[in-house]
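As a basis for the values below, the full set of heavy atoms in this structure was taken, side chains included, without hydrogen atoms, waters or symmetry mates. To find a chain, count down the sequence lines: A is the first, B the second, and so on, and within it residues start at 1.
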Amino acid sequence: MSNKVDAPEKGKDFIRQIIDKDNETGKYQGRVHTRFPPEPNGYLHIGHAKSICLNFGLARDYNGKCNLRFDDTNPVKEDVEYVDSIREDLRWLGFKWDDNFYASGYFDKLYYIAELFIKMGKAYVDHQSADEIRGNRGTLKEPGTNSPYRDRTIQENLDLFRAMRAGDLEDGTCILRGKIDMAAANFMLRDPALYRIKHAEHHRTGDTWCIYPMYDFTHGLSDAMEGITHSICTLEFENNRPLYDWCVNTLMEGLRQPELFGENATIYNELAALPGFNERPYQYEFARLNITGTVLSKRKLIQLVQEGYVSGWDDPRMPTISGFRRRGYTPESIRDFCERIGVAKSNSTVEFALLEHCVRQDLNERAPRYLGVMDPVKLVIENYPEDQVDEFTMPLHPEDESYGERAVPFSRELWMERADFMEDPPKKFFRMGVGREVRLRSAYYVTCTGFDKDADGNITKIRATYDPETKGGWSKDGRKIKGTMHWVSARHGIQAEIRNYSNLFTTENPNSVEEGKTFVDYVDPDSLEVLTNCWVEPALADMEPGTNFQFERTGYFCADTRDHQPGSKLVFNRTTTLRDSWAKIQKQMGK
RNA sequence: AGGGCUGUCGUUCAAUUGGCAGGACGGCGGAUUCUGGUUCCGUUGAUCAAGGUUCGAGUCCUUGCAGCCCUGCCA
């Protein structure tokens, strides 16, 4: 393998191209430092996974670092439950952060930076009401008008801001604003709010503060303090970038005037020593993930949870990390998905089929195989002795013998899948029909001799005879058998509950709905199917919760992490079905 | 004339920065198979539009068109 060092590398996403360029020009001396900055106001979902894989992946690929930083500047929306779940999900996905910071950990420094902005004449306290501010902001085509408080003296602003902090003022009395340009075409620059009064208990700082910094003020400055080089966020923040730059640049300008810090020399020294102020961070935006058939907005996900459409954040139908985990998706499959979808700037919606492909591919390699009957019907082998039991040894994985094997008992009465029998089978149906010979997986060839029905016409029993010469599921004469079926010995099988999940929504795009409807009107009440009368082979009895496996011919499953109890109550979640070409044929024949 | 961003197979991401538009998923067809699974092979199919520059344009220029974001004291 010869690597041409200066051969242009193809297929890199635009962010990596930017980093390559920065490395060439020596912008950060080859340093790459990213961060994943969630607000702890909800659980992580697959859209966050894209951002996580990007930010942590960059750190990995460029020998850099990636911080976890909770963007916790709005105490009324945030909670420790969410920070705990975010940390757990991140670890489960397989990523290790270099440092775990909190925006709230910077409240002190941010406060003094705000004072600095005031001293620089770059910020002022505005006593207009929220409504007045909105009214004076202007419109898309017309400039805003200056606040009557815009020209207060520095000392006046300083006194007022300190009063805000002191806690004497009620919420909404006044606000600290950046003094930029009320006529800017970009609204973000029309004197944006920097600090607001909120008498609210913060999940980390308690009641230390009654003023909290706004996102734009906090984010860029936090990046700078941490020495972030590439601050990657989603497209809707493109308009915020000039404000991001204004905050960082204003601080850097302020740091060149140490005298402004006055009695706060300590803070100055701390700030000036941070790496980010010699090599400032820049913000880059990429398109957030959309997937067909689901919603990926925290607001909508929280609504599904709170209004009881799902059982919780980890309901296996949820596109949350915890939902996918409980459903049986592996971290590897999610990471693979995130790599395949790419990173770009155009809004796009990825087909859910790609995610399914990723799990199937991963699970095909790693999931041990078992037999289980979902919709059982009795199969009686009439020429098989009542008291006889065969024990067949079957490999746990067809392509990897390191998985070992397990013993599967066989007896006269078996459970088979109702859908594997047809009274009037068409030619393309390879399974059981009267007079047809099929293979019972790893056991015997059997020939159907007849079936019984009850008064309602339901098939109650299927009868067959077996060929003792085909023990193990093959014959010396090499006769061709088209169909192979799974089975479970009725005497030895264990009853289990199986939960089949399908799309939560009845529409491909729950984000755009008919007039007068909302996305919850498209929740599919049948998206969870609970099967309580399933029969599985005895080897499954002691399976640990969270274990992935395959029911041959049916799909990939995972022992539920909440309700499955080894040895007593078996509960299996269907991760996804196997690809089913018979279903396709049926569909074609139905047309 | 508000500002910002984006338009490439059905979907998604590429195209050595002006040099034969490629891969993945999906679809279709076939081979193999003790899972109608897996694997393997083949196939389908795209540069938003119109002009211009050029030997040569997805890429550069001009003019349109379409979509997304921006008037929170949310992030």
Do A/Arg553 and B/G36 have a side chain to base donor-acceptor pair shorter than 3.5 Å?
-> no
Check: A/His219 side chain, A/Asp216 main-chain N or O, donor-acceptor pair, under 3.5 Å = no
Grab the N/O contacts between the protein and nucleotides 39-47 of chain B below 3.5 Å, and write none if there aren't any.
none

So does A/Ser348 get a side-chain nitrogen or oxygen closer than 4.0 Å to the phosphate oxygens (OP1/OP2) of B/C13?
-> yes
Could I get the full list of salt bridge (charged side-chain N to carboxylate O under 4.0 Å, His left out) partners for A/Glu285, not counting sequence neighbours?
-> A/Arg241, A/Lys345
Which listed nucleotide (B/G37, B/G27, B/A14) is nearest to the side chain of A/Ser581?
-> B/G37
Sequence neighbours left out, what passes side-chain contact (heavy atoms from CB on, under 4.5 Å) with A/His397? Give chain and number order.
-> A/Arg369, A/Glu399, A/Asp400, A/Tyr403
Of the candidates B/A15, B/A24, B/U35, the side chain of A/Gln17 sits closest to B/A15
Would you please name every residue forming a side-chain contact (heavy atoms from CB on, under 4.5 Å) with A/Arg439, sequence neighbours left out?
-> A/Tyr445, A/Ile481, A/Thr484
Can you check the A/Phe557 CZ to B/G37 C1' distance for me, whole Å?
-> 13 Å
Mapping A/Lys141 and A/Lys584 onto RNA chain B by nearest heavy atom, which one lands closer to the 5' end?
-> A/Lys141
Taking atom C1' in both B/G58 and B/A50, compute the distance separating them and give it to the nearest angstrom.
-> 16 Å
In whole angstroms, the gap separating P of B/U16 from CG of A/Asp20 amounts to 14 Å
Any donor-acceptor pair under 3.5 Å between the side chain of A/Glu399 and the base of B/G37?
-> yes
Residues passing the side chain to side chain donor-acceptor pair (under 3.5 Å) test with A/Trp535, sequence neighbours excluded, are A/Asn533
Can you figure out which of B/C25, B/G36, B/A14 approaches the side chain of A/Leu354 most closely?
-> B/C25
Looking only at atom P, what distance separates B/U43 and B/A57, rounded to whole Å?
-> 28 Å
If the C1' atom of B/G45 is compared with that of B/A24, how far apart are they to the nearest Å?
-> 14 Å
Honestly, is A/Arg190 close enough over A/Phe187, meaning NZ or CZ under 6.0 Å from the six-membered ring centre and within 45° of the axis?
-> yes
If we take the C1' atom in both B/C28 and B/C55, what is their distance in whole Å?
-> 40 Å
Quick one: is the NZ or CZ of A/Arg204 closer than 6.0 Å to the six-membered ring centre of A/Tyr102, and within 45° of its axis?
-> yes
Non-neighbouring partners of A/Thr173 that pass side-chain contact (heavy atoms from CB on, under 4.5 Å), sequence neighbours left out | A/His127, A/Leu169, A/Glu170, A/Ile197
A/Ile15 CD1 - B/A14 C1' separation (whole Å) = 16 Å
Between B/U6, B/A14, B/G36, which one does the side chain of A/Ser346 approach most closely?
-> B/U6
Under 3.5 Å, is there an N or O donor on one side and an acceptor on the other linking the side chain of A/Glu365 and the base of B/U38?
-> no
Roughly how many Å is it from CZ in A/Arg288 to C1' in B/C5, rounded to a whole number?
-> 15 Å
Hey, which of A/Leu176, A/Ile211, A/Leu160 is the one that makes side-chain contact (heavy atoms from CB on, under 4.5 Å) with A/Arg165?
-> A/Ile211
Which value, in whole Å, describes the distance between the P atoms of nucleotides B/C48 and B/A66?
-> 16 Å
Could you tell me whether the phosphate oxygens of B/U35, OP1 or OP2, come under 4.0 Å of any side-chain nitrogen or oxygen in A/His486?
-> no
In whole angstrom, give the distance that lies between atom OH of A/Tyr284 and atom P of B/C5.
-> 14 Å
Establish, with yes or no, whether the OP1 or OP2 oxygen of B/C28 is under 4.0 angstrom from a side-chain nitrogen or oxygen of A/Gln588.
-> yes
Write down the atom of A/Glu78, the atom of A/Glu39, and the distance for their closest heavy-atom approach.
-> OE2-OE2, 2.6 Å
Strand RNA chain B in bracket notation, Watson-Crick/G-U under 3.5 Å with | for pairs to another chain = .((((((..((((.....[..)))).(((((.......)))))....(((((..]....))))))))))).....
Not counting sequence neighbours, which residues clear ring pair (Phe, Tyr, Trp, His ring centres under 6.0 Å) with A/Trp474? List them please.
-> none
May I ask you to say what A/Arg441 touches in the nucleic acid, namely base, sugar-phosphate or nothing, with a heavy-atom cut-off under 4.0 Å?
-> base
What integer number of Å spans the C1' atoms of B/U8 and B/C13?
-> 10 Å
List in chain and number order the residues that pass side chain to side chain donor-acceptor pair (under 3.5 Å) with A/Asn23, two or more places apart in sequence or in another chain; answer none if no residue qualifies.
-> none
Return the set of residues passing side-chain contact (heavy atoms from CB on, under 4.5 Å) with A/Val80 (not counting sequence neighbours), or none when no residue passes.
-> A/His203
Using the test salt bridge (charged side-chain N to carboxylate O under 4.0 Å, His left out), find all partners of A/Asp191 that sit at least two apart in sequence or belong to another chain.
-> A/Arg150
Under a 90° cut-off about 0 for the syn range, is B/G26 syn or anti?
-> anti
Over how many whole Å does the gap from A/Phe352 atom CZ to B/U12 atom C1' extend?
-> 16 Å
Can you check the A/Glu356 CD to B/U38 P distance for me, whole Å?
-> 12 Å
Atom CE of A/Met432 to atom P of B/G36: distance rounded to whole Å?
-> 14 Å
B/U32 glycosidic torsion: syn (within 90° of 0) vs anti = anti
Classify the side chain of A/Glu351 versus the base of B/G10 as yes if they form a donor-acceptor pair under 3.5 Å and no if they do not.
-> yes
Using a cutoff of under 3.5 Å, can you pull out all pairs of nitrogen or oxygen atoms linking the protein to nucleotides 68-75 of chain B, with atom names and distances?
| unit_1 | atom_1 | unit_2 | atom_2 | d |
| --- | --- | --- | --- | --- |
| B/C68 | O2' | A/Asn347 | ND2 | 3.2 |
| B/C69 | O2' | A/Asn239 | ND2 | 3.4 |
| B/C69 | O2 | A/Asn239 | ND2 | 3.2 |
| B/C70 | O4' | A/Asn239 | ND2 | 3.1 |
| B/U71 | O2' | A/Arg137 | NE | 3.4 |
| B/G72 | OP2 | A/Arg134 | NE | 3.2 |
| B/C73 | OP1 | A/Arg137 | NH2 | 3.0 |
| B/C73 | OP2 | A/Arg137 | NH1 | 3.2 |
| B/C73 | N4 | A/Gln128 | O | 3.3 |
| B/C73 | N4 | A/Ala130 | N | 3.2 |
| B/C73 | N4 | A/Gly172 | O | 3.4 |
| B/C74 | OP2 | A/Arg196 | NE | 3.0 |
| B/C74 | OP2 | A/Arg196 | NH2 | 2.9 |
| B/C74 | OP2 | A/Lys198 | NZ | 3.4 |
| B/C74 | O3' | A/Arg196 | NH2 | 3.2 |
| B/C74 | O2' | A/Asn74 | ND2 | 3.0 |
| B/C74 | O2' | A/Lys77 | NZ | 3.4 |
| B/A75 | OP1 | A/Thr73 | OG1 | 2.7 |
| B/A75 | OP1 | A/Arg196 | NH1 | 3.4 |
| B/A75 | OP1 | A/Arg196 | NH2 | 2.9 |
| B/A75 | OP2 | A/Tyr215 | N | 3.0 |

